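Each remark here refers to the structure printed beneath this line.
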Amino acid sequence: MLEFKELSKTYDDGTEALKRVSFDVQDGEFLVIIGLSGSGKSTLLRCTNRLIDPTSGRIVWNGVDIAALPPKELRPVRRRIGMVFQHFNLVKRLSVMNNVLSGRLGYTDNWSSMTYRFSKEDRDNAMKSLERVGLTAQAFKRASELSGGQQQRVGIARALMQEPEIILADEPVASLDPVLAHTILGYLERLNREDKITVICSLHYLDLVQRYATRVIGLRDGEVVYRGTGEDIRRMTDAEFKEIYGEEAERVSAGPASVQGGAL
Amino acid sequence: MSSPTPRTAERTPLVPAPVAGVLSIVVPGLGQVLSRQVQRGALIFASAATMAAIFATRIADLGRRAEEGWPTVVRAFERRPFFAVVVLLSLLAIWLIGAWDAYRCAKERRRPVTGVFLFVLLGFFVLGWQISEINVVKMIREAPEALPPLSRVLWPWEAAFEYETEVLGAEAKILAGEGPGPERPPVVEGQPYLRSEPNFGRLSQQDENNRPVLGTRITVTGFDFAPNAATEIWWTDPIGNEFRPREAGEYIIVTTDDNGEFSFEMTMPYQLTPPSAEGPFLHTLDARQITEVGRPRPSEALRLTVARMIETIFMGMMATAFGIIFSIPVSFLAARNIMAGSRLTMAIYFITRTILNIVRSIEPLIWALIAVVWVGLGPFAGIVALTVHSIAALGKLYSEAIEGIDPGPIEAIQATGASRIQTIMFGVIPQMISPFISFSIYRWDINVRMSTVIGLVGGGGIGFLLVQYIRLLDYRSAGIAVWFIAVTVAILDYVSAEIRNRLM
Ligand SMILES: Nc1ncnc2c1ncn2[C@@H]1O[C@H](COP(=O)(O)OP(=O)(O)OP(=O)(O)O)[C@@H](O)[C@H]1O
Ligand SMILES: [Mg+2]
């Protein structure tokens, strides 16, 4: 279980991005965070693996307060938390294989990394991860040669290499078209169901939220303004959605066929 | 330039059109200003004023030996009538066109500024032509002068190779003084021999009034030489000075006939030993048939050029290597995203940037002049100069590459639990490697090219050799050096472009 307790983040310029946010994430959940642009979704996700340091509050995971860890002790925590980004954040000049293998860095010693060496086991596992996202044929291409959807699949394979208990996904489909959105979220859902990996994912579109979430947290101006189960959100009408979400709320205009496509 | 016109379109001119024209004759641009076309007026005023000022100083300079005032002008016109008239006319034209333009401006209000602008440019062009002493006529007239050195530079290969030589020769002793002459050696069968008739006489001399007094004429006959071959004649005086005597200003070269014989007449050469020297002096006359044998060997010039070219390439390489080593740390100090942390680091950033810009704006040749004073003549001075310039140039390029790094992948690598070193290896270096290599190769290319000229100011390398050959008027050897430079630079250009293309 991952517990956020009174978590606050104030940026150096005084922006209060999170204001005493508290909620729990049960193991195995597919938690979706919704909220307007600027409501603090990214800040929340990035606090979770300490890409940014929260100002106050606690993030307790397996009895450890992540928020209070000194930088030196972050490594064992970070390597069990995978992260998928809106802009994929692959190292474009490295091969797909090396990008996937970089998910093992948390388990690899510095010396081997200096020469880009990984164990045979790691390389075999990287191939298996690529197989799971259907990219074995692209393994030795440069990451920059892949399409957006393929790059995000590499991003997922990289996260998978960490043997994560949690995957954080910050708007993983916002730069992809709706069909691809279902493909990507489909992969995440599968990891969630089959590998029992907890997924915490921020999303923009109501129908995607309804389709994938087992639980939903709504943020507005850094405060939790909505908590609901998957059932709750599936019963929700557009009007109610707009109420928490604001006028920007929209649906993905993809037909049912592509929803099927997302289910693998 | 035409942006102010729409704004002023609604506004009426302050003066009527003809007045604007007249005002612009009095002060160029004034009419335009009063027609509310301030920028245009300012442009015309500034150009007319600059031209008039330059013209005035040139006239004063040209007529400077005459009295102040009018005589100066007259003298200047006498000395360079073409310059004076052309510039005066263009000045006048600017003035009149400015006035006409003011008139039109006041009348139409909206007029494109391009025409005026072009005209002003033309005016400055005329002025520039005169001031920079461009002389096309002389250039064409004296073109033939440039041909001999040019053709040698363009095709220098005769000087690139030399041959082993074999000499077939014979000598005859000649006594300077009263006869009889020395005894003649016996003829050996199968060997050439030389006879002089007479084999004694007087050397040429100068009398008290420095007038030449020619020496005895002798007839020289050679036997049993190789037939139909050029034969050089040499003279050696008793103290061993060896030289080629001349007849009518030309070196004596004779050609043997079918029997290997020749015969010619010559005057005994000038005396080189002091006249005070007494006694009978035996001079030696010899004839040499020189044949080139064996395979061609690279000449001294070619060998030196190759050695210096290698030195040059290594100079460029060493300077690039040092430049890279030193510019890496510097580039971090000059990268905004790295130094954005605090006020202190930003101050360091600005200082580093400023120093880099100053160092970079001073040409390597000037750095070489300083380096020669510092470490002395030679390739090391060139390396120092090029290194200093490379550090600044590469520091700037690298720092821009660092500024262009995408933080996203770095964050993604950090998120996997990677250590600092791992983050650099996987997140930073792959992003930097290709601009880094491509800038470095580009710099190597520039450095080798620069090191070919840095020798001109004493910085070693092939340039050093090149100036020496040019000063000795040895255009063939200079041509060899020029060819080597051109070919090396071309190859380097191609290779570096190719590598950079592959990397992109
Ligand atoms: N590095 C930063 N420095 C200062 N303020 C920041 C920084 N990053 C984010 N903020 C501010 O914090 C607030 C929350 O930002 P955050 O990126 O978490 O929102 P978000 O919900 O992810 O929005 P979006 O949907 O646009 O990604 C915003 O007001 C933002 O301007
Ligand atoms: Mg965000």
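Side-chain atoms are counted along with the backbone in the values below, which use heavy atoms only and exclude waters and symmetry mates. Numbers restart at 1 for each chain; the letters A, B, ... are given by sequence-line order, proteins then strands. Owing to the predicted nature of the structure, the values given are computational and were not obtained by experimental measurement.
In B/Ile421, the CD1 atom is not crowded: 12 or fewer heavy atoms of neighbouring residues, nucleotides or ligands sit closer than 6.0 Å. Enclosure of atom OH in B/Tyr442 is not indicated, since only 12 or fewer non-hydrogen atoms of other residues, nucleotides or ligands lie within 6.0 angstrom. Heavy atoms of other residues, nucleotides or ligands lying less than 6.0 angstrom from CD of A/Glu121 number 12 at most. With a 6.0 Å radius and a threshold of 12 heavy atoms from other residues, nucleotides or ligands, B/Tyr494 has its OH atom at or below the threshold. Within a 6.0 Å sphere centred on CG of A/Asp13, heavy atoms belonging to other residues, nucleotides or ligands number more than 12. Surrounding CZ of B/Phe314 are at most 12 heavy atoms belonging to other residues, nucleotides or ligands under 6.0 Å away.
Contact check for A/Arg78 versus B/Gln414: side-chain heavy atoms found under the 4.5 Å cut-off.
Your options are A/Met161, A/Arg80, A/His87, A/Met114, and the one with the most heavy-atom pairs under 4.5 Å with chain B is A/Met114. Ranking B/Thr423, B/Ile424, B/Ile433, B/Thr416 against chain A, the residue ahead of the rest is B/Thr416, based on heavy-atom pairs under 4.5 Å. Interface check for chain B: of the options A/Ile81, A/Asn99, A/Asn89, the most heavy-atom pairs under 4.5 Å are formed by A/Asn89.
The nearest pair of heavy atoms linking A/Arg93 to B/Pro430 is CD-O, 3.1 Å.
Inspection of non-hydrogen atoms places A/Arg46, A/Asn49, A/Leu51, A/Arg75 of residues 45-76 of chain A under 4.5 Å from chain B.
Neither the backbone nor the side chain of B/Ile410 comes within contact range of chain A; no heavy atom of the residue lies under 4.5 Å from a heavy atom of that chain. Proximity to chain B (any heavy atom under 4.5 Å) is shown, for A/Arg104, by neither the backbone nor the side chain. Only the backbone of A/Asp109 comes within contact range of chain B, with at least one heavy atom under 4.5 Å from a heavy atom of that chain.
Of the N and O atoms on the side chains of A/Ser113 and B/Gln422, at least one donor lies less than 3.5 Å from an acceptor on the other residue.
The structure places CE of B/Met425 at 10.0 Å from CG of A/Asn110, a figure rounded to the nearest 0.5 Å.
The aromatic rings of A/Tyr116 and B/Phe426 are tilted relative to each other, their planes meeting at an angle between 30° and 60°.
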